[in-house]
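Each remark here refers to the structure printed beneath this line.
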Amino acid sequence: MTREIPTIYDSTAVEAQAAALWEAGHYFHADEMANSPSYAIVIPPPNVTAALHLGHALNNTLQDILIRWKRMQGYATLWMPGTDHAGIATQTVVDKRLRAEGKPALVDYKQMQERGENGREQFIEKVQSWKDEYEACILGQLKSMGCSCDWQRTRFTMDEVCAKAVRTNFFNLFKDGLIYRGKRLVNWDPATQTVLADDEVEHQNVQGFFWYLQYPLQTPVIIDGKSVEHVTVATTRPETMLGDTAVAMNPADPRATALVGKMVRLPIVGRLIPIIADEHVVLPNPDSDDEKAKFSTGFLKVTPAHDPDDWQIGQRHDLDVINVMAPDGSISDKHGWDDADSPEAQNLLGMDRFEAREAIVDWFRTEDLLEEVRDYAHEVGHSYRSHVPIEPYLSDQWYIAVKKEIDDCRLTIDDGRCETEKREGVTYIKETDVPVNSLAGLALKPLLENKLRFIPERYTKNYQLWLENLRDWPISRQLWWGHQIPVWNFTLPDDRKYKEVVGDLTSLLKKCGCIGKVWSYRKENDSHIVYICLSDAQDDRLLNDISEYSKQIAYPSDGPDITPNTIQAHAGDVLIFLEKYVDDIIVRDEDVLDTWFSSALWPFSTMGWPDENATLEKFYPTQVLCTAREIITLWVSRMVMMGQYCIGDIPFSDVYIHAMIQDGQGRKMSKSLGNGIDPLVAIDSHGADAMRFTLASMTTDTQDVRMPVAAIELPDGRTVNSSPKFDNGRNFCNKLWNASRFAMLNLEGTDIAAFDAAKLDVTDKWILSRLMKTVAATTDGLKDFKYKEPLDEIYKFFWNDFCDWYLEWTKPRMLNDAQKPIAQNVLAFVLDQTLRLLHPFVPFITEGIFQNLNSISPQRGLKGIMELTAADSIMVSAWPECVEGCIDEETERQIGIVQTVIRSIREVRSQYNIAPSKKVAASASASDAMCQLLKANAALIAQLAGVEPFDIAADLDKPENAAAVVAGEVQVYVHDVIDPDEERKRLQKQKEFVEKGIAPLAAKLGNENFTSRAKPEVVEQSRQKLTELQDQLAAIEKHLEELE
RNA sequence: GGGCGCUUAACUCAGUUGGCUAGAGUGCCUGCCUUACAAGCAGGAUGUCGGGGGUUCAAGUCCCUCAGCGCCCACCA
């Protein structure tokens, strides 16, 4: 049967067989009832926007390596799989696709929604089917890569289980007063009238102007003896001046004393606005390299409603906020501007923002208030969709207060390892403004207490700085795809007090059958809007029905008068409530939650939190999070924050940050550049194991992974985009396949009982010693989250020790009845252990070979050295252990000498073009001890150097016509080689090489400072080395002389 | 603007706390279809470790500085 194993490794067949075996054995399934300690990883859920690329392949390969390794070590492992709904990204790709296909797109569904035709629902269905398609694709890709996730537990950030966690957490935060309603400037696209995320804004360098506008002072001021009648502000967006509510200047400005506190009359509008002092303002300096200082007049117009910085200034100085634009970007007095009374202002109403800009500049020019116009090149954000400049636009958003103290004693447990300080009754983390018991504090504290560790360590700083400077987290998104915010609101009639309504509402809901908790919130300074949150999504229907009912009451003409079922029985009570407390209607917030709100819960929402259950009990907290550096802040910190808040424990203790994949030119792989590689294509072209091997072997702590992309022709004639880098992995797999094939040709009839440790020969001892060192190095490497290093170690062991030497030396032994049983057992054992070491990296091929090995040599293990228990699958076999007793430095030294002698003979053979099949006569001369060693191993040398006969004796002279090589302490003579010129050439070269080694050593040892100051062992080492080299040099010189 | 990383052979990268003549894979040159493997075997060539300075008996490794490449975050009156 083994004789039919093909010589070229067929990855397709082996991968399919291994996958089937794993599935049948349910080996990926995590057992929450297992007694062994747990080891869990939650997958960073890929976005359902698109298929996975190589970056994901790397990310998941590394996780699978850890999981498979720990599983073999006997841990109860869980690798939790799933996908992320990726709110805005997914909504956007679906919209793009619909538009590209000429189908009704988001704009159209929005219109339908406005007409009351369920546009929202229909659009979400479109996104849902996109999600279904890509989720299936992604999971398929992961499976093809061999990821040993517990597929039964596959989650999606918007599935029912996750939704419950989201709902519960939202409610808790809401109840704890950590969620509030506030104003925020968003990136508004006036053309499509949608909000854009920051990363959807395309920055373009625009050649524009700085306009210098004069604003007259209410009363002139004397500065340096001169009467000053106006201040000059510089702006790139003159149209926003209509919303100015202050002029700011730096308090350090010499003119500030005279001007701050004075009033300015805003041209066109006539509004009186104050001059305020704010350090944000850049002082003018025409000679500065700083663009801002160069262009600054020292006066900054402040438009809180239309500029993020100005908004901040406005907050600091409690300025009015005047929005002068309609959502379409036209000038409007209907959205917060109530002093547009002047004819000039009236004239601007309705103009597009750019028309208005020109009109305003013209007005200033005409009035002689335009002091100057200067060219200015600057970055302007544009919509990636409509390509029009985005407008910072003021809107209401929900926020999470991240630095507000939480009243919950469960969270105050403090082991004192995190330094704190108390200020004004609040305990802060030392040297920060982060209260210990705030969400930010909860995320920061574990780091300072060394409970949370980043690997590599340098990323710690990222995380820490981000949390220390954290601002409140805006969580509402004006999207349809996502978790809709579970908040309803209504306006109270003016004569009703907030307190009154709360009790009545709660009892009304309970009466109607509400099963969960009800909590309400009232925005500061806006006491007549009541926001309601329900703890249980099952109650949504009730509130939706009340909402529907309120619409019918408020707008009876709009539809038939039907009381919804859920409140039928209590329609009268509802009606009373509505009439008493609800000014207009009850509505649900239309926005959805930021995608990261649900991803923040991923480590435990996937395990069924908030319901207490065995999975959560067994596997939370997890051990490792494995991700790329770009989402340390967005994701990692929020998971820690929420893990602490929801469960009172960090979600993982180690955060491993791995490299990014780049193309051959160091660019990020991206779809728009077309430089990406689909993992499935790589699997097609090279095999899953080859891909994994290459990715893992390129993974180091510091370097991003460069993957040249090339068109590669497959055996079947197709040409695909893959990378020649995967050749490495494929070659390795092929070598592994063939070495195993060879081994198994010789393993039939292996009898474990025939093994006798006393009969091990020197090559056996050597390979076992090498193996054990490799086992130790691999385990140590993985412990430290190293991937390349263990793989390099295994590679060297397998290829350079096992294949190049041990297997070759095995060949004659397999024909020798006395030695065969020993050789067979060692061979089977070493192969078995090598496969196990490799399994986490290349799971399919190792499983394939392991199965073959199981059928040929089912029992393996070395009696008295290491017993092995049989396993049905390599993935549940025991991880190799290093048997210290097998490490044998003396044997390694001896084999090292043997190899050196062999290499020197091969060198001569190669130099004289002696055919490999041709035997040469040779002899060796050395010290008595060395001769003894060589004689003991003469057969090993003779075999692999093609030597016959081989004489060894002390003080042998060089025979006539022989080539002489100095192999360390041994003089090797290859007989009947008759080319003195060639000889001289080679010996001369060797002489130079040795001399090159002697020179620095001699210099060092001649240096008094070195011998006295360097560590004694270093000096001693150098002395020995020098002596050795000098002996060699003498030998070489002697040979050279003999040639003359 | 703030933070971080990188620069070592033609290419992609290793190089532990400073210490044997700086390594691997690929590519290149020579010879081999040696019955596990030509996706292989044997042999070979290739480096002012980005530039400059410093510390040290000793620097690819530590410090300073200059230059180039890249990433993250913030911002763009």
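So you know, we letter chains A, B, ... as the sequences are listed, proteins then strands, and number each from 1.
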Fill in: Ring-ring centroid check A/Tyr459 A/Tyr656, cutoff 6.0 Å
no

Worksheet item: Given pairs defined as Watson-Crick or G-U wobble with both distances under 3.5 Å, what dot-bracket annotation applies to RNA chain B, with ( ) intrastrand, [ ] crossing, | other strand and . unpaired?
Response: (((((((..((((.....[...)))).(((((.......))))).....(((((..]....))))))))))))....

Discussion item. Nearest whole Å is fine: how far is B/A58 P from A/Leu1001 CG?
Written reply: 16 Å

Worksheet item: Does NZ or CZ of A/Arg374 come closer than 6.0 Å to the centre of the six-membered ring of A/Phe295, within 45° of the ring's axis?
Response: yes

Item to complete: Answer with yes or no whether A/Glu789 presents, from its side chain, a donor or acceptor under 3.5 Å of a partner atom in the base of B/A24.
Response: no

Worksheet item: Heavy-atom distance under 4.5 Å between the side chains of A/Lys301 and A/Tyr215, does that happen here?
Response: yes

Fill in: d(CG, A/Leu1026; C1', B/U21) in whole Å
12 Å

Item to complete: Would you kindly give the CE-to-C1' distance between A/Met744 and B/A36, to the nearest whole Å?
Response: 10 Å

Worksheet item: OP1 or OP2 of B/A36 less than 4.0 angstrom from a side-chain nitrogen or oxygen of A/Lys735, does that happen here?
Response: no

Fill in: Check: A/Phe732 ring centre within less than 6.0 Å of A/Phe693 ring centre
yes

Item to complete: Pick base, sugar-phosphate or nothing for A/Asp804, based on heavy-atom distances below 4.0 Å to the nucleic acid.
Response: sugar-phosphate

Discussion item. Quick check against the 3.5 Å criterion: does A/Ser723 have a side-chain atom that pairs as donor or acceptor with the backbone of A/Lys725?
Written reply: yes

Worksheet entry | Cation-pi geometry met for A/Lys811 and A/Phe742 (6.0 Å, 45°) | yes

